Structure formats: C-alpha cells, structure tokens
Asker: 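The structure follows.
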There are 2 protein chains.
Amino acid sequence: MSEAAPTDTLRRFNRTYTQRIGALDESFLGTGRPLGVSRLLFEVGPDGSGVRALRERLDLDSGYLTRLLRRLTDEGLVDLHPDPADGRRRVVVLTAAGRTAWRELDDRSEALARTLVEPLAPRQRERLVAALHTADLLVRAATVHLREVPPTEPVARRAAAHYFAELDRRFPDGFDPGEPDHAGTFVVATSDGVPVAYGGVRPIDRETGEIKRMWVHDEWRGAGLGSRMLRHLEDLARRLGHTRVVLDTNGTLLEAIAMYERAGYAHIERYNDNPYAQAWFAKALS
Amino acid sequence: MSEAAPTDTLRRFNRTYTQRIGALDESFLGTGRPLGVSRLLFEVGPDGSGVRALRERLDLDSGYLTRLLRRLTDEGLVDLHPDPADGRRRVVVLTAAGRTAWRELDDRSEALARTLVEPLAPRQRERLVAALHTADLLVRAATVHLREVPPTEPVARRAAAHYFAELDRRFPDGFDPGEPDHAGTFVVATSDGVPVAYGGVRPIDRETGEIKRMWVHDEWRGAGLGSRMLRHLEDLARRLGHTRVVLDTNGTLLEAIAMYERAGYAHIERYNDNPYAQAWFAKALS
DNA sequence: GACATTCTCTGACTTTAGTCAGACAACTGC
DNA sequence: GCAGTTGTCTGACTAAAGTCAGAGAATGTC
C-alpha cells in the first residue's frame with residue numbers, strides 16, 4: 001500500500017485536509033475584514049515585523065502590501081515606523097487595538113483547532129497529534145533548502161556556533177574550537193531562514209576531501225537530514241575532483257557513527273592529529 | 001509534549017501545510033485558467049458528474065457554478081446533458097479536449113506531490129506516508145457526521161446491508177437477517193455522504209433500551225468510531241428515558257466484545273432468543 | 001561622488017470570486 | 001391535479017485580489 005505511490009497518500013490527504021481543516025484559515029473570515037487583511041494582521045504578530053519580511057513571507061506585491069497595510073493603519077490596528085537601521089525600510093507594530101484584534105484571530109484559530117480534536121477519544125487524539133508531529137517534521141525536512149555558503153556568512157556562523165556548542169555539551173571535557181578555520185566549501189540547510197543542518201568539504205590532497213562540521217539541529221533529528229547532507233557533501237566532493245572522502249569523529253557521537261557506517265564509510269587509521277577525534281572513516285567516491 | 005496542547009501541534013502543522021503542501025492546489029494555476037475554473041474542471045473528473053453534486057462538493061452558489069460551467073463549455077472542455085433520471089438536473093461530461101486538460105491538471109498535481117516526497121530517503125518516505133495515512137483517517141473520523149435517520153432511508157439501508165453482510169461473512173454458518181425489522185431509533189455516521197458507522201436503540205421496556213446493529217466500516221476501524229457511536233447511542237437512550245441499556249453479540253466479534261467491556265458493559269444472562277447471540281451485556285445509564 | 005540597487009509608495013488598471021433576487025421548468029407529496 | 005419544492009439559469013451587482021509601471025528617497029559599491 002505504502003509501496004503503491006506515496007503521492008497518492010499525499011494527494012488524498014491534501015483533499016481531506018483542504019476540505020476539513022482548510023476552514024482553519026477561513027476562520028479568519030467573519031471578523032469583518034477580508035481574509036488577506038486578516039492574514040496580514042496575524043502575520044505582523046504581537047512583536048511586530050518588518051515590511052520587507054512580511055512581503056517575503058506572504059509573497060505579496062509591494063504595492064498591494066502597501067495598500068493592505070494602509071487599511072490596517074486606517075483602522076488603527078497597526079503603526080508604521082521607519083527602520084532605524086535602514087531608512088528605506090519600515091517596521092510595522094500592532095497598536096493596543098491591533099493586539100486585541102490579533103488575539104481575537106488567535107482565539108478563533110484555537111477554537112477551530114479544538115473542534116477538530118475534541119470529537120476524538122484521548123487515544124485517537126494522541127495518535128493524531130503524533131502523526132501530525134511526524135508529518136510536520138518530515139514535510140519540513142523535505143522542503144529544506146540546501147545551498148553553498150561562504151563560512152563567514154551569518155547563517156553559516158550561526159550553524160557553526162550550534163555545532164561547536166553541541167560538541168562542547170557532549171564531550172566529557174568540553175570542546176574548544178580554537179582559531180576559526182574557514183578553509184573549505186560549506187553547505188547550509190535552512191528552513192524558514194533558520195539553519196537546520198550544516199557541513200563542509202575541505203581538500204586534503206588531490207584525491208581526498210575531508211568532510212567537516214557535520215551538524216543537524218536537535219529538533220530535526222530522525223528526519224534523514226544527516227544522510228541527505230552527507231550525500232550532498234559527497235556530491236560536492238566529487239564535483240571538486242575528489243575520488244575519496246575521509247572524516248573524523250568523537251566516540252560519544254554514536255548516531256553519527258552509525259550513520260557513517262550505514263552510508264558505506266569504513267573505519268580507517270588515524271589520519272590527523274585532531275585531539276578530539278577517536279574514530280576515522282573513509283569512503284571511495286564512484 | 002503531546003500532553004501540552006494538541007491544538008498547538010495541529011496549528012503548527014497547519015502552518016507548515018499551507019506554506020508547503022498548500023501549493024498543491026495552486027499547481028492548477030498557470031494553465032491559463034483561473035484557479036476556480038480549474039478546480040471545477042478537475043472535480044468533474046473523467047467519469048463526469050452531476051451539477052448538483054459539484055455544487056455540494058465545492059460549496060458554490062448555483063448562479064456562480066452555472067457561469068463557471070459556461071466557461072468550460074465555451075472552451076469546449078465539457079458538455080452539459082440533462083439527467084435522464086430527473087429532468088431538472090444536468091450532468092457534466094468531459095469532452096476529448098476536456099480529458100486532455102484534466103490529465104494535465106492531474107500531472108501537475110502529481111509532479112508537485114513528487115517534488116515533496118522525493119527529497120526524502122525511503123525510510124523517511126515510508127514514515128511520512130504512514131503518518132499522513134493515520135492523519136487522514138483520524139481527521140476524517142473527527143469530522144464524521146452523526147445524525148438520526150429513519151431506518152428506511154437509503155443511507156440507513158446501505159449501512160444495514162453492510163452490517164448484515166459482515167455478519168454473514170464472519171459467522172461460521174453465515175447469517176440470515178430474516179424479515180426487515182425497523183423498530184427503534186437509528187443513527188448513521190457519514191463521511192462525504194458515505195455511511196461509515198451505524199447503530200440504533202430499540203426500547204425493550206420503560207427502563208431498558210437495546211443497542212442494535214452496531215457497525216463500523218472496515219476501513220474506519222481503529223479510529224475510535226465504534227466507541228463514539230456507542231456513546232452517542234447511550235445518550236440517545238438516556239434521552240428516550242431509559243436508565244439501562246442491553247445488547248447481545250456473537251462470540252466471533254472479539255473487538256466488539258472488547259469495546260463493550262472497555263465502555264463499562266458487564267456480562268449478563270441471556271435475555272432474548274436471538275439464535276446468533278452468544279454473549280449478553282448490560283450497562284446502567286447514570 | 002557617481003551609479004546602480006533596494007525599498008516603499010502611488011496611480012491606474014484587470015481579473016477573480018462571490019452574492020442576491022428572481023424566472024422558469026421539472027418533480028414530489030398529498 | 002395542485003401546492004410546494006428543487007435544480008438550473010440570467011441579470012445586476014460588489015468586494016477582493018492582484019498586476020504593472022514608475023516615482024522618489026535611502027543605501028551600497030566602486
């Protein structure tokens with residue numbers, strides 16, 4: 001059944017979903033405001049937001065967005081301020097009335113979600129929540145965006161910081177990254193602009209590339225992101241002309257070791273003097 | 001975590017969904033036709049459809065639907081014929097060009113679904129399919145429609161036929177329903193108009209009501225529909241003034257027996273001469 | 001400091017989506 | 001056979017959603 005065609009299940013679910021829960025969005029209606037305006041108001045959120053960011057998140061034409069915002073300002077729901085950091089940009093903030101209206105939207109959405117969950121018995125409810133949690137994780141994982149980044153770019157720095165922090169947490173004696181070393185080509189996976197996986201390839205010699213700083217965000221474990229990143233880095237190494245990749249790792253990172261083994265990596269002798277490394281791997285690239 | 005608030009997971013998923021899978025619907029865009037028209041064309045489907053049915057499925061204003069259909073006929077994609085069974089109704093059928101256009105929509109949707117599933121490794125893909133399958137079942141179950149029906153109404157007859165057919169399949173010596181007996185108040189649960197669960201209450205005396213013909217559609221087992229129907233029937237019995245419900249069942253229906261026990265039913269002595277019954281239950285209604 | 005680019009905003013549009021009232025034919029129940 | 005209902009269609013609307021070109025200020029780049 002699951003063999004048949006995953007797309008069938010997805011499309012069937014899509015149908016069910018748009019018919020029954022799609023109403024979650026339309027619940028924004030009935031507030032006296034059109035859907036688009038409500039959606040915008042909700043997206044601004046209690047903490048405010050930049051106009052630029054809104055345009056990207058909602059994928060709106062700039063002129064159209066201006067007009068939608070005007071409706072909200074006319075209703076006294078939001079205020080527009082220039083961005084102190086960049087005079088061209090503007091920042092939207094909810095007024096007191098806007099916060100009330102926002103809360104109302106939030107309540108409606110919550111109420112609608114409840115009507116969907118309520119008819120189910122506790123056991124079914126748990127199953128539904130678990131299923132949606134898994135689906136959420138995997139759909140997000142599937143739509144993650146992998147791209148090469150200079151390791152000096154902010155996203156890359158943030159990803160690397162996560163990586164180092166995790167090593168520091170997991171190694172019995174902590175971890176000291178030492179001087180930042182930016183040699184190599186790096187790849188970051190982002191979801192909604194947030195880095196969720198990271199890794200790079202550094203050339204050791206003509207044949208050999210070393211895979212560095214493989215990291216997957218805690219909340220994204222178990223979605224296959226690690227293997228996907230690993231495959232991506234292997235492809236990258238191939239493109240860089242390498243015929244073999246190596247990597248080192250610490251003995252405490254058991255899942256990582258298991259993943260390398262699953263991916264066809266073989267244990268080899270120590271090839272570097274990394275004081276934190278306790279296992280070394282290699283794989284031939286075909 | 002799942003303890004916290006099921007609605008959080010649902011709402012989070014809803015967000016992920018509208019952003020990433022919601023695009024499945026918009027895959028109908030870019031065909032040179034507006035979304036509404038494409039959606040209608042797709043809904044007509046290769047086998048055609050009644051105008052009435054389309055109106056209900058898509059929840060459209062009748063005047064609006066007529067105009068949308070006119071666009072499709074003008075483009076030569078569908079033909080309208082009067083329904084031979086009812087001169088007021090009309091039936092929509094795809095023309096050859098319409099079938100081509102329909103297939104194009106289907107391909108687009110399929111392609112988009114594939115891009116969503118493809119980045120995942122086989123193991124993750126299976127997990128996603130399983131999760132969506134579960135979610136689909138439970139969302140449908142949660143939005144099932146329970147209502148009282150005269151046992152002579154077509155939906156009720158269909159549900160009862162399913163019930164008798166199942167008994168005939170499961171009892172070692174088959175089952176003969178005998179003369180149709182329509183005494184009692186019956187409840188049918190429907191999803192998209194299809195009966196998925198059925199049951200009724202027949203008064204035995206002032207205090208006691210008997211629960212009859214409890215049935216849940218094969219594909220809907222495990223969604224908690226049985227218990228929900230049972231609770232519904234108990235409420236109904238209470239409303240009818242009963243203080244106690246009884247029921248009989250065959251020993252082969254193990255899940256049913258387990259469910260009755262879970263719901264607080266106690267074994268009692270034989271109270272009727274039903275030749276197929278092998279176990280008798282009772283429960284006091286508070 | 002010149003030139004290109006980015007960001008917001010305005011004006012002038014079009015299309016899409018949807019509503020409401022009523023006409024008219026076909027059917028249903030009694 | 002007649003009253004009431006149902007199903008489709010027309011006409012006359014309105015609001016929502018979205019597009020496109022360009023103006024003008026602020027910023028980045030060399």
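Note that the coordinates shown come from a computational prediction; the quantities given were computed from them, not determined experimentally. Letters A, B, ... mirror the listed sequences (proteins, then strands); counts begin at 1.
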Asker: Determine, stepwise, if the pair B/Leu60 / B/Leu54 fulfils side-chain contact (heavy atoms from CB on, under 4.5 Å).
Answerer: CA-CA 8 Å; B/Leu60 295 171; B/Leu54 288 172; over 6 Å; no

Asker: As a quick check of understanding, evaluate side-chain contact (heavy atoms from CB on, under 4.5 Å) for B/Arg67 and B/Ser62, giving each step before the final call.
Answerer: CA-CA 9 Å; B/Arg67 254 172 288 260; B/Ser62 61; over 6 Å; no

Asker: Expected output is a numbered-order residue list: members of residues 45-55 of chain B with a heavy atom under 4.0 Å from any atom of DNA chain D. What is it?
Answerer: B/Val51, B/Arg52, B/Arg55

Asker: How many whole angstroms separate atom CG of B/Leu80 from atom P of D/dT10?
Answerer: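 Going from CG in B/Leu80 over to P in D/dT10 covers 10 Å.
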
Asker: Verify the distance criterion only: is there a donor paired with an acceptor across the side chains of A/Thr95 and A/Asp79 at less than 3.5 Å?
Answerer: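 A/Asp79 and A/Thr95 do not have a side-chain donor-acceptor pair below 3.5 Å.
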
Asker: Before we go on, tell me: are the rings of B/Tyr17 and A/Tyr17 under 6.0 Å apart, centre to centre?
Answerer: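 B/Tyr17 vs A/Tyr17: aromatic centres under 6.0 Å.
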
Asker: Give a yes or no on whether a salt bridge exists between B/Glu148 and B/Arg239, defined as a side-chain N under 4.0 angstrom from a carboxylate O.
Answerer: yes

Asker: Between the protein and nucleotides 23-30 of chain C, which nitrogen or oxygen pairs are less than 3.5 angstrom apart?
Answerer:
residue	atom	partner	partner atom	Å
C/dA26	O3'	B/Gly87	N	3.2
C/dC27	OP1	B/Gly87	N	2.5

Asker: Can you check whether B/Trp215 reaches B/Glu166 side chain to side chain, under 4.5 Å on heavy atoms?
Answerer: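 With C-beta onward as the side chain, the pair touches.
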
Asker: Could you check whether any side-chain heavy atom of B/Val91 comes within less than 4.5 Å of a side-chain heavy atom of B/Leu80, counting everything from C-beta outward?
Answerer: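 No - every pair of side-chain heavy atoms lies 4.5 Å or more apart.
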
Asker: Go through B/Arg33 and B/Glu75 one step at a time and tell me if the side-chain contact (heavy atoms from CB on, under 4.5 Å) criterion holds.
Answerer: CA-CA 10 Å; B/Arg33 270 181 288 278; B/Glu75 280 192 75; 3.0 Å; yes

Asker: Side chains of residues 39-47 of chain B: which donor-acceptor partners sit under 3.5 Å, not counting sequence neighbours?
Answerer:
residue	atom	partner	partner atom	Å
B/Glu43	OE1	A/Arg15	NH2	3.3
B/Glu43	OE2	A/Arg15	NH2	2.6
B/Glu43	OE2	B/Arg57	NE	2.7

Asker: The helix from C/dG1-D/dC30 to C/dC30-D/dG1: angle between its terminal axes, five pairs each, to 10°?
Answerer: 50°

Asker: Can you check the B/Leu65 CG to D/dT8 P distance for me, whole Å?
Answerer: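 Interatomic distance, CG of B/Leu65 to P of D/dT8: 8 Å.
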
Asker: Could I get the full list of side-chain hydrogen bond (donor to acceptor under 3.5 Å, both in side chains) partners for B/Asp235, not counting sequence neighbours?
Answerer: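 Only B/Arg238 meet the side-chain hydrogen bond (donor to acceptor under 3.5 Å, both in side chains) criterion with B/Asp235.
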
Asker: If I take atom CG in residue A/Asp74 and atom P in nucleotide C/dC9, what distance separates them, rounded to the nearest angstrom?
Answerer: 13 Å

Asker: Check this for me: B/Asp59, atom CG, are more than 12 non-hydrogen atoms of other residues, nucleotides or ligands nearer than 6.0 Å?
Answerer: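 At most 12 heavy atoms, drawn from other residues, nucleotides or ligands, come within 6.0 Å of this atom.
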
Asker: Quick one: which protein N/O atoms are closer than 3.5 Å to N/O atoms of nucleotides 14-24 of chain D? Pair and distance per line, please.
Answerer:
none

Asker: If you measure from OG1 on A/Thr100 to CG on A/Leu105, what distance do you get to the nearest 0.5 Å?
Answerer: 11.0 Å

Asker: Please report the distance, rounded to the nearest Å, between CD in B/Glu56 and C1' in D/dT8.
Answerer: 14 Å

Asker: Is the distance from the ring center of A/Tyr198 to that of A/Tyr163 below 6.0 Å?
Answerer: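 Here the rings of A/Tyr163 and A/Tyr198 have centres that are no less than 6.0 Å from each other.
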
